[in-house]
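Reminder, nothing fancy here: chain letters follow the sequence lines and each chain counts from 1.
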Amino acid sequence: MSDAYDFREVEERWQRRWADEGTYQVDLDDPRPKYYVLCMYPYPSGPAHQGHVRNYTFGDVLVRYRTMKGDAVLTPFGFDSFGLPAENAAIKGGEHPRVYTEKRIAELKRSVQRLGAVYDWRRELRSHDADYIKWNQVIFEELLRAGLAYRAKAPVNWCPGCQTVLANEQVLSDGTCERSGDVVERRYLEQWFLRITKYADELLESLDALDWPERVKTMQRNWIGRSEGAQFRMPLVGHEHLEVEVFTTRPDTGFGMTYAVLAPEHPLADVVTTPEQREDVERILEHARHSTDLERLSAEGALEKRGAFTGAHCVNPFSGEPVPVYVAEYVLGSYGTGAIMAVPAEDQRDYDFAKAYGLPIVRTVEPPGDFDGEAWTGDGAHVNSEWMNGLDVDAAKAKAIEWLEREGIGHRTVNYRLRDWLISRQRYWGCPIPVVYCPADGMVPVPAEELPILLPEDVEFRPTGESPLRFHEGFRRATCPTCGGPAVRETDTMDTFVDSSWYFLRFANPHDEYAPVDKAAARRFMPVDRYIGGITHAILHLLYARFYTRALGEVGLSPAELREPFSQLFCQGMIRLGGSAMSKSRGNVVSPDQYFETVGADALRLFHLFIGPAVEDVDWTDQSDDIIEGCSRYLARVWRLAVGEAAGSRPVETDDSSVGSSDLRREVHRTIARVSDDIERYAFNTAVAALMELTNSIYKHRGGGADPVAVEDAIDTLLELLAPFAPHLAAEAYERRTGKHVHIQPWPVADPALLRAERVKMPVQVNGKTRDVVEVDPDVSEEGAVAAALASDRVQGFLGGKEPTRVIARPPKIVNVLV
RNA sequence: GCCCGGAUGGCGGAAUGGUAGACGCGGCGGCCUCAAAAGCCGCUGUCCGCGAGGGCGUGUGGGUUCGACUCCCACUCCGGGCACCA
């Protein structure tokens, strides 16, 4: 009964027991209310780092808490096991990506288990497993059938370092690859796309109702980038049948259009250019071919708006006047119609360009009198606009659109910044795209019964990073499912974000043999109630997953009514060391393993929970080891209290009259309320603080001769409350004391009657400064509070015999006496 | 440039408009011990004061309020996101 706490032995034993007893396994027919807690499944990069520890500890607290609350908690785990690092390792002369990846998975799994985070391992899934590949391919083919997947030639982002194309989302704002840091090039290639733009509006609008961090929702809104405006056509002077169509958000400024601009990739750019201008224009087109949007729009583009006059004119339909048509890099072929009406007076980019090329500037919106800037984009009365004169911007917009529609040259329209998702990757270690190309039948999907198309194992990795699939004849050579003739297999693989876009649905029944998603199981467990992960996935993964959930519903592969996969999202802060995020690639990791050896998993968990608010970033400092030490000390203190030498044998019930026992009981119930509330709010740091306070208090009461029954009850409740945070120690101590398994006990409920103190300390202020504290009944009346305040000698001293001019009483919180 | 966060002791941090600094780290002191470790107990924002006590104090300047870390306005610094999307 008095032995020291042997965390190594205890942690291992309880981990085995939770697994053996299936404490955290739930099934479809579980009668309890469902609750789905999910941490973003990790890329397996080896043993867990502190970021993982933090993530899984938070998730585990919720899993254990909700389980004690009586829910059937779905707590699955898996591995996002396709991806470039494994392939890069192979290229550098390492192992085959499969061997490499599976070793890293084993390492990560081991440290996750040592942490004592509990998962239903029966549900484990890995993206690179044949089963997952098969369903990934089945989904792809359904999307293809439904027109949600398609193949198109497009200007794409090519990363020379990764030897593959990238999604727009994977290119940083400085035009480099988020993974390799290489400058991304523009290439025109046939690629596979998923039609995410079909859902642009819904993805935008349903953000409002989600319980997600506001900044994540803002980032998604920005990314989708909805803008309302108008589209209209302008005849080209001297070209009978040619028109240029433009998109604008400011149709009201039409009279101020003094020129028009075509994107360099606009099909008309070449057509309308006059022989005299050809050389100038060709230079622009040539330059644009070699740069990405980002290059064109950022760095150099800011200095000079590279452009050229085409020699052509179009007619401004508002004024009826011809205006020159330019080609310029600041207009993108991929947004809107790839052509704009330029209004220098009301658009800064147009203004800069007009200045540089000596083009006229005509105001159509009167800026405020004190405006000393260049282009005015705010509201104001219209001028130089004939039938719009005097109207404000909104009214003029409405009138302009009405006019365009009446004239039959244009209409109201909505544009999005969001583009379709480019999913093909010219790499090996990913899910093969299941189609073949037949000289006779063209592109043909592989029949479902032939899936999965697996990656060949016997491949050679080239130092250039080129996909070995392209050189693997056995893989490339295929038979056309339609005509039976020879065909060539697609060698592109899918973006790994495809894998992570539906794994949470698969978890509902990960071994279903009939469909990628078991709809009945998905109806039971989806949506995810608490999704926990890093802010780094704010746009990419979370947007794709929202899209995929809808797309799967549309093609009948998941419940159609399920639109949003993650009801609540929590983004935990990251761990920094030396100013930057702790990561394996930076080589600044502090491994959790050493702490499993020296202080145990519970102490390390407690550190991450206690160190600060869960949403905030944490700096790993010289002090961190001291704090971990402190957490370990705290746990030892609880252990001694619960099962150590000083722990009393269980006393017989007595009446509840001993000194202080009532105070202790009240404190226990206040702690129950605080801890429960704090867990719901992810305020784990204050929850732990509350447990420490209660622990200190129990020590004091026991030393002060409080009723042993109250003390022992308090200790039991303390262990119940501690169970989600330090699950091993709490389980062991609780079992020794009560013979019961704490993790399947009901979560304690605070008694409202005990939440109110018998007497409360009420500060008394004189002129707003606290001068004394008096004890009052919590239900004290205003008169009673004032009387108690004025009865204070100290208060009287400050009054100096004078009558208060005013007394503000907010019983039992405060009394403020004014003189 | 625009949009979000944030700034509190030596340090991490706590505070529905009501005693600022809970809890912990570090530090100081005491008990225990032959001694140390561990543990237990106490003190620890700052200035003045022997003390009782008092002044000052939540990035800066203003405001609202009986009362402001908290609300409002302006600013400084730090962090993050977006940044020619027409």
Q.
Is a donor from one side chain sitting under 3.5 angstrom from an acceptor on the other, for A:His701 and A:Glu667?
A. no
Q | Donor-acceptor pair (no angle test) under 3.5 Å: A:Asp626 side chain, B:C25 base | A | no
Q.
Between A:Arg681 and A:Asn222, which residue's closest nucleotide on RNA chain B lies nearer the 5′ terminus?
A. A:Arg681
Q: Side chain of A:Thr770 only, please: which of B:G18, B:A86, B:U19 is the nearest?
A: B:U19
Q) Does NZ or CZ of A:Arg576 lie under 6.0 Å from the centre of the six-membered ring of A:Trp620, at an angle within 45° of the ring axis? A) no
(Q) Any donor-acceptor pair under 3.5 Å linking the side-chain atoms of A:Asn816 with those of A:Arg810? (A) no
Q | Gap in Å between the two P atoms, one belonging to B:C31 and one to B:G79, rounded | A | 49 Å
Q. Under 4.0 angstrom, heavy atoms only, what part of the nucleic acid is A:Gln765 near: base, sugar-phosphate, or nothing?
A. base
Check nucleotides 45-47 of chain B for protein N or O atoms closer than 3.5 Å to its own N or O atoms and list the pairs.
none

Q.
Categorize A:Ser624 for me: base, sugar-phosphate, or nothing, with a 4.0 angstrom heavy-atom threshold over every strand shown.
A. nothing
Q | By side-chain contact (heavy atoms from CB on, under 4.5 Å) - contacts of A:Ala603 (at least two apart) | A | A:Val599, A:Ser632, A:Leu635
Q: List in chain and number order the residues that pass ring pair (Phe, Tyr, Trp, His ring centres under 6.0 Å) with A:Trp212, two or more places apart in sequence or in another chain; answer none if no residue qualifies.
A: none
Q: Measure from the ring center of A:Phe610 to the ring center of A:Phe684 and say whether it is less than 6.0 Å.
A: no
Q: Rounded off to whole Å, could you give me the CD-to-C1' distance for the A:Glu693 and B:G13 pair?
A: 13 Å
Q) Nearest nucleotide by nearest heavy atom, which residue falls closer to the 5' end of RNA chain B, A:Pro613 or A:Val688? A) A:Pro613
**Q.** Nucleotide B:G26, atom C1' - distance to CD1 of A:Ile611 in whole Å
**A.** 13 Å
Q | Salt bridge present between A:Arg250 and A:Asp347 (N-O < 4.0 angstrom) | A | no
Can you give me the N/O atom pairs linking the protein to nucleotides 36-41 of chain B at distances under 3.5 Å, or say none if there are none?
unit_1, atom_1, unit_2, atom_2, d
B:G39, O3', A:Arg640, NH2, 2.9
B:C40, OP1, A:Arg637, NH1, 2.6
B:C40, OP1, A:Arg640, NH2, 3.0

Q | Secondary structure string for RNA chain B (Watson-Crick or G-U under 3.5 angstrom, | for other-strand pairs) | A | (((((((..(((.....[....)))((((((.......))))))((((....))))..(((((..]....))))))))))))....
Q. For the ring pair A:Phe353 and A:Tyr326, is the centre-to-centre distance below 6.0 Å?
A. yes
Q) Which nucleotide sits closest to the side chain of A:Leu818: B:G24, B:A22, B:C66? A) B:C66
Q.
Of the options B:G55, B:C66, B:G10, whose atoms approach the side-chain atoms of A:Lys769 most closely?
A. B:G55
Q.
I need the CE-P distance between A:Met692 and B:C23, as an integer number of Å.
A. 11 Å
Q) If you look at every strand shown and take non-hydrogen atoms under 4.0 Å, does A:Gly336 touch a base, only sugar-phosphate, or nothing? A) nothing
Q: Provide, to the nearest angstrom, the distance between the CD atom belonging to A:Gln348 and the C1' atom belonging to B:A83.
A: 14 Å
Q: Taking only Lys NZ, Arg NE, NH1 and NH2, and the carboxylate oxygens of Asp or Glu, determine whether A:Arg674 and A:Glu693 approach each other closer than 4.0 Å.
A: yes
Q: Using atom CZ of A:Arg215 as one end and atom P of B:C2 as the other, report the distance to the nearest whole Å.
A: 21 Å
Q) Nearest-Å distance, CD1 (A:Ile340) to C1' (B:A86)? A) 5 Å
Q) How far, in whole Å, is B:A68 from B:U19 if one measures between their C1' atoms? A) 14 Å
Q: Please determine, for the side chain of A:Asn816, which listed nucleotide (B:C66, B:C82, B:U19) has the closest atom?
A: B:C66
Q: Would you classify A:Asn685 as touching base, sugar-phosphate or nothing, given that sugar-phosphate means primed atoms plus P, OP1 and OP2, and contacts are heavy atoms under 4.0 Å?
A: sugar-phosphate
**Q.** Anti/syn call for B:G45, syn if |chi| within 90°
**A.** anti
**Q.** Rounded interatomic separation in angstrom, taking CD1 from A:Ile627 and C1' from B:G24
**A.** 7 Å
Just the atom pairs and distances: protein N or O near nucleotides 51-54 of chain B's N or O, under 3.5 Å.
unit_1, atom_1, unit_2, atom_2, d
B:G54, OP1, A:Arg794, NH2, 3.0

Q.
Taking any heavy-atom pair under 4.0 Å as a contact, classify A:Thr249: base, sugar-phosphate, or nothing.
A. sugar-phosphate
Q: Please state how far atom CD1 in A:Ile535 lies from atom P in B:G80, giving the value in whole angstrom units.
A: 13 Å
Q. Can we say A:Arg221 and A:Asp208 salt-bridge, meaning some charged N sits less than 4.0 Å from an Asp/Glu carboxylate O?
A. yes
Q) With a distance cut-off below 6.0 Å to the six-membered ring centre and an angular limit of 45° from the axis, does A:Arg702 pair with A:Tyr699 as a cation-pi contact? A) yes
(Q) Regarding A:Asp352 and A:Lys355, does a basic nitrogen lie under 4.0 Å from an acidic carboxylate oxygen? (A) no
